[in-house]
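Here's the structure, in structure tokens; my notes come after.
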4 protein chains.
Amino acid sequence: MINKKKILIAGGDLRQLYCARRLSEKYQVSVRGFGRDYFPPDIQLNRPEEEFCFDYAVLPVPPLDSEGMLNAPCSERKLHISEILSLLKPEGVIFAGKADCGLRDIVCANEICDYMCREELNLLNAVPSAEGAVQIALEELPVTISGLNVLITGFGRIGAALANILKGFGADVTAAVRNAQGRARAKAAGVKSCLISDIDCRYDLVFNTVPALIFDRELLSSFSRDTLFIDLASKPGGIDFEAAAELGIRAVWALGLPGKTAPVTAGEIIADTISGMIGERSSEHGEKI
Amino acid sequence: MINKKKILIAGGDLRQLYCARRLSEKYQVSVRGFGRDYFPPDIQLNRPEEEFCFDYAVLPVPPLDSEGMLNAPCSERKLHISEILSLLKPEGVIFAGKADCGLRDIVCANEICDYMCREELNLLNAVPSAEGAVQIALEELPVTISGLNVLITGFGRIGAALANILKGFGADVTAAVRNAQGRARAKAAGVKSCLISDIDCRYDLVFNTVPALIFDRELLSSFSRDTLFIDLASKPGGIDFEAAAELGIRAVWALGLPGKTAPVTAGEIIADTISGMIGERSSEHGEKI
Amino acid sequence: MINKKKILIAGGDLRQLYCARRLSEKYQVSVRGFGRDYFPPDIQLNRPEEEFCFDYAVLPVPPLDSEGMLNAPCSERKLHISEILSLLKPEGVIFAGKADCGLRDIVCANEICDYMCREELNLLNAVPSAEGAVQIALEELPVTISGLNVLITGFGRIGAALANILKGFGADVTAAVRNAQGRARAKAAGVKSCLISDIDCRYDLVFNTVPALIFDRELLSSFSRDTLFIDLASKPGGIDFEAAAELGIRAVWALGLPGKTAPVTAGEIIADTISGMIGERSSEHGEKI
Amino acid sequence: MINKKKILIAGGDLRQLYCARRLSEKYQVSVRGFGRDYFPPDIQLNRPEEEFCFDYAVLPVPPLDSEGMLNAPCSERKLHISEILSLLKPEGVIFAGKADCGLRDIVCANEICDYMCREELNLLNAVPSAEGAVQIALEELPVTISGLNVLITGFGRIGAALANILKGFGADVTAAVRNAQGRARAKAAGVKSCLISDIDCRYDLVFNTVPALIFDRELLSSFSRDTLFIDLASKPGGIDFEAAAELGIRAVWALGLPGKTAPVTAGEIIADTISGMIGERSSEHGEKI
């Protein structure tokens with residue numbers, strides 16, 4: 001097709017390459033910020049040649065590193081955002097995850113759209129997160145999941161996805177939630193529930209999805225040392241890891257699971273979300289996709 | 001306990017009696033608007049004697065009948081709302097479902113709280129609705145649900161609850177939804193999806209949960225006459241029933257399922273919702289429960 | 001095809017007509033023993049004209065009624081087996097269910113194959129049996145199945161199928177079994193278990209699949225009167241129904257479920273089983289199908 | 001208890017120690033064949049001191065190594081079976097797995113019971129096998145299991161357990177089986193099926209449980225190189241691994257999974273099986289347990 005939109009994927013890890021591969025099914029895609037060695041053999045993508053030619057740039061999560069440079073751990077050299085901007089059309093649009101972390105201070109002229117705010121991305125990411133958490137449980141536990149008493153704190157997207165998987169294993173799943181709405185949500189999904197304030201110590205396996213301290217030293221000390229805790233919440237997590245270590249309780253802080261355990265799926269989720277965002281923009285502006 | 005709050009349950013059907021039974025575990029409950037013959041043998045509840053003594057009144061869904069009188073189909077005589085108000089304390093609060101249907105015009109002095117607007121009630125009602133819909137399918141179909149291709153249009157509370165049950169039967173379930181967010185919601189629940197605009201005719205059983213016409217004459221006519229349609233959406237439903245009848249396609253409009261197929265559960269859901277609302281009010285106002 | 005085998009379906013109920021319809025996809029099928037009014041509009045089948053022409057006859061379950069005549073409740077007149085035999089080829093084979101009930105005394109010359117002894121038929125019948133049992137529970141219970149404590153006595157084909165469906169509803173399912181092998185079978189299917197000798201009274205819903213008295217007066221009297229018992233075992237059932245009635249406990253004896261609740265599926269299961277048996281015979285004897 | 005039976009656990013890996021721990025809840029247990037370093041900190045067990053005192057000896061699977069010595073990989077030195085026999089009472093009984101592999105030639109006087117032949121052990125082992133196989137899939141795949149087309153060849157104990165787990169992940173599961181009985185078994189479990197002779201190449205993930213070559217070079221070459229094969233069958237496996245390697249197809253031969261991925265559960269399964277066998281012997285012989 002002669003008028004395919006041009007997209008530049010800049011920086012990030014393996015996920016962004018799989019995102020690029022998926023987007024290349026519909027758009028003309030180039031990649032910047034990956035050393036030759038990082039390319040999987042099954043991905044063939046161009047490098048950008050011309051300036052000011054790209055309609056869109058896709059930056060990773062977060063877009064900048066701690067020095068304010070492009071977050072590009074697979075690049076052979078540091079890349080400044082201005083290098084990326086010089087490849088974009090003047091009216092080009094930037095897609096980035098967690099764009100508020102400094103990017104908006106650097107980029108003035110171009111519109112920035114945050115794909116991490118999209119509900120469908122967060123819903124879809126719940127699946128690789130839940131699968132990754134179950135993988136950790138399978139790796140860490142010397143017993144089967146079948147027959148275990150499992151607690152999931154929080155029953156949002158990830159909690160609900162976890163419960164579905166764990167029930168298939170034959171685990172006895174309880175969700176700990178904040179209020180009556182939470183209990184109703186669990187009930188509607190066929191999952192038993194209790195209030196977070198009423199958590200007792202009879203569980204063999206605990207997944208936390210709530211970004212607030214729930215398992216403090218006192219609560220942890222009521223549990224058996226055979227109980228495994230897996231924390232999926234980003235900072236602050238829900239477990240006092242220091243206390244857990246002192247009590248001899250195994251606690252794993254599992255961050256960034258989608259990218260680690262299912263990079264292809266994680267990249268494709270980003271691609272599909274951006275693809276949907278471009279589609280919405282086009283139909284609003286009457287543009288061609 | 002000497003200072004239990006007093007609640008008057010007035011009007012409605014069997015559900016309201018089970019609601020009363022449940023509330024009587026925590027409160028002092030009286031009932032008005034039920035002939036003697038309507039009382040199940042396992043429910044013992046008082047009739048109100050004194051005036052101006054009740055803290056709360058619970059009215060049914062909807063609270064008024066077509067003539068503006070209390071909706072009390074089990075009563076031996078017509079009851080006017082003023083009879084109920086005369087039993088309430090001056091500062092007494094009214095709980096009603098779909099309170100906007102005329103009630104607010106009649107009641108001036110008392111606060112009205114609509115329990116049908118509560119998220120937990122609608123979540124919990126999804127379960128008896130889904131079970132009732134599956135009961136209809138079992139009754140109507142001369143084949144097993146196992147192995148059927150089933151379409152659910154809409155993937156909200158009821159659609160998600162239906163999918164869980166139907167997967168347990170071994171059906172092959174697809175959800176038809178409006179957009180990418182809907183598809184992500186289905187995916188996160190482990191359910192296949194398509195867009196409503198792309199529905200094809202290969203389904204043996206269709207549940208509609210969307211209150212907008214989806215299955216018009218043209219779409220219906222593409223389906224086999226062995227397909228069973230069950231519409232769970234309140235008016236307007238999602239199926240052109242007239243066209244279905246002319247085409248020889250079985251279509252069931254299943255309204256008010258929670259009350260019909262699981263009146264005890266439906267009544268207890270109302271009771272628990274009201275109980276939660278009273279609890280919230282008390283903690284806000286520093287009142288005793 | 002010029003040499004299609006000829007099959008006579010004789011007697012039985014609606015199931016046998018659906019069996020006939022299914023077999024007519026592969027064979028030349030005629031039907032005897034159904035009054036005109038019994039034919040569903042969507043079934044078109046011939047009546048047999050010639051004598052001694054059929055390769056196979058399919059009789060119902062059981063093949064004979066209490067007077068020793070063909071079990072043909074939909075026939076306008078009594079039919080003697082000799083009428084059927086006169087239509088069969090001398091080397092014609094009879095398929096019947098529960099053939100030992102007198103049929104072998106009457107039929108001397110023709111081989112009789114009992115399709116009710118086939119493992120695949122009994123496995124497949126477990127599905128409509130389980131769905132029919134769940135339908136009864138939905139119809140009888142004024143509460144949802146979600147959240148109920150359910151006991152299944154016996155964990156054979158029907159028990160396992162029931163457990164799968166009930167878990168989809170969000171019920172808490174326990175299987176009561178005879179020994180360690182039974183418990184292992186339940187465990188492997190992700191279902192909790194106890195020994196039949198250790199059944200306690202905490203269940204809201206009980207399905208029995210064991211053909212031996214388990215719920216005697218003493219055990220029944222320990223249960224709440226709100227508990228619903230559904231017995232799926234053929235005579236003798238597992239429940240003392242007389243004691244249940246006296247105790248005010250609801251107990252439903254659900255016999256012949258596949259034929260009642262899913263006649264099309266039940267008929268097709270018989271057809272597919274016979275079709276498989278004919279296939280095996282042909283490959284053994286080097287015959288054409 | 002003064003008359004507890006004495007059991008000697010001799011040889012094997014970590015599983016046998018967990019087996020010993022579980023048996024020590026009911027019996028007086030000693031252990032031989034484990035170097036000090038192999039004992040987990042949470043297991044305290046005696047070493048045998050006296051001769052001819054043990055009622056039972058428990059040997060591992062298989063009981064002998066390739067040189068005919070006790071299979072004791074955690075021992076600091078080679079152990080001959082005669083050392084074990086000298087600790088047993090003259091009428092002492094030996095429990096061993098795969099006892100036919102040479103053990104019966106060496107042991108003359110003592111009865112040998114093979115616990116690997118017990119149906120409940122094989123049923124229970126299906127659960128850790130299936131969980132271990134899913135763990136491998138999670139580790140090897142760069143995509144989520146949710147949404148994958150998964151084929152399971154064979155629908156016995158392990159195949160059925162796998163299907164339950166994979167359905168919880170939201171995979172689309174098909175079982176490939178040998179005949180009509182197999183298809184009926186899958187259907188009764190709510191799983192789609194095909195005949196092994198009709199396997200096509202549309203699967204993303206394949207688990208083989210059949211100990212016979214199914215995936216030969218020709219069939220393998222029809223699959224995508226992204227398909228992951230996991231073989232759970234003991235020798236001979238079901239996959240031509242040499243051809244798979246040449247075709248660039250990932251194939252994992254996962255042997256001995258229960259012991260590797262869930263040693264505690266695997267050991268407890270052996271313990272519970274032996275405990276049941278001792279119970280049966282006692283009730284047959286009128287002995288005390």
Side-chain angles (χ1 to χ4, degrees), chain A residues 13-15 17-18 21-22 40-43 123-148 160-171 173 190 204 224-226 228 248 257-269, chain D residues 13-15 17-18 21-22 40-43 123-148 160-171 173 190 204 224-226 228 248 257-269:
Chain A
D13 57 21
L14 205 53
R15 264 177 296 180
L17 288 181
Y18 288 110
R21 182 176 66 176
R22 180 82 142 214
D42 54 343
I43 297 193
L123 276 164
L124 292 172
N125 265 347
V127 177
S129 295
E131 292 198 9
V134 169
Q135 179 181 331
I136 291 171
L138 287 166
E139 287 166 351
E140 293 287 326
L141 289 170
V143 295
T144 54
I145 291 178
S146 171
L148 292 190
L162 263 173
N164 272 343
I165 296 173
L166 292 165
K167 285 197 291 179
F169 273 91
V173 180
D204 309 296
S224 156
R225 287 200 293 174
D226 284 341
L228 173 65
L257 280 184
K260 282 183 201 156
T261 64
V264 172
T265 299
E268 292 177 354
I269 289 172
Chain D
D13 57 22
L14 206 53
R15 265 177 296 180
L17 288 180
Y18 288 110
R21 182 175 66 173
R22 179 82 143 213
D42 55 343
I43 296 192
L123 276 163
L124 293 171
N125 265 347
V127 177
S129 296
E131 292 198 8
V134 170
Q135 179 182 329
I136 292 171
L138 287 166
E139 287 166 351
E140 294 287 325
L141 289 171
V143 294
T144 54
I145 290 177
S146 170
L148 291 190
L162 263 173
N164 272 343
I165 297 173
L166 293 165
K167 284 197 291 180
F169 274 92
V173 180
D204 308 297
S224 155
R225 286 200 293 173
D226 284 341
L228 173 65
L257 279 185
K260 281 182 203 155
T261 63
V264 172
T265 299
E268 292 178 353
I269 288 172

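As the structure is a computational prediction, the values presented were derived from the model and not from experiment. Chain letters run A, B, ... following the sequence lines, proteins first and then strands; every chain starts at 1.
- Heavy-atom pairs under 4.5 Å with chain D were tallied for A:G168, A:P142, A:A266, A:P128; the largest tally goes to A:P142.
- Proximity to chain D is absent for every atom of A:E268, based on heavy atoms less than 4.5 angstrom apart.
- Both the backbone and the side chain of D:I145 come within less than 4.5 Å of a heavy atom of chain A.
- Highest contact tally toward chain D, considering only A:L166, A:N164, A:T261, A:L138, is held by A:L138 [criterion: heavy-atom pairs under 4.5 Å].
- Here the side chain of D:T144 pairs no donor or acceptor atom with the backbone of A:V127 at under 3.5 angstrom.
- Options D:V143, D:V134, D:L141 differ in how many heavy-atom pairs under 4.5 Å they form with chain A, and the most are formed by D:V143.
- Of the listed residues (A:K260, A:R225, A:E131, A:E139), the greatest number of heavy-atom pairs within a distance under 4.5 Å of chain D belongs to A:E131.
- With a 4.5 Å cut-off on non-hydrogen atoms, A:S146 touches chain D through its backbone and its side chain both.
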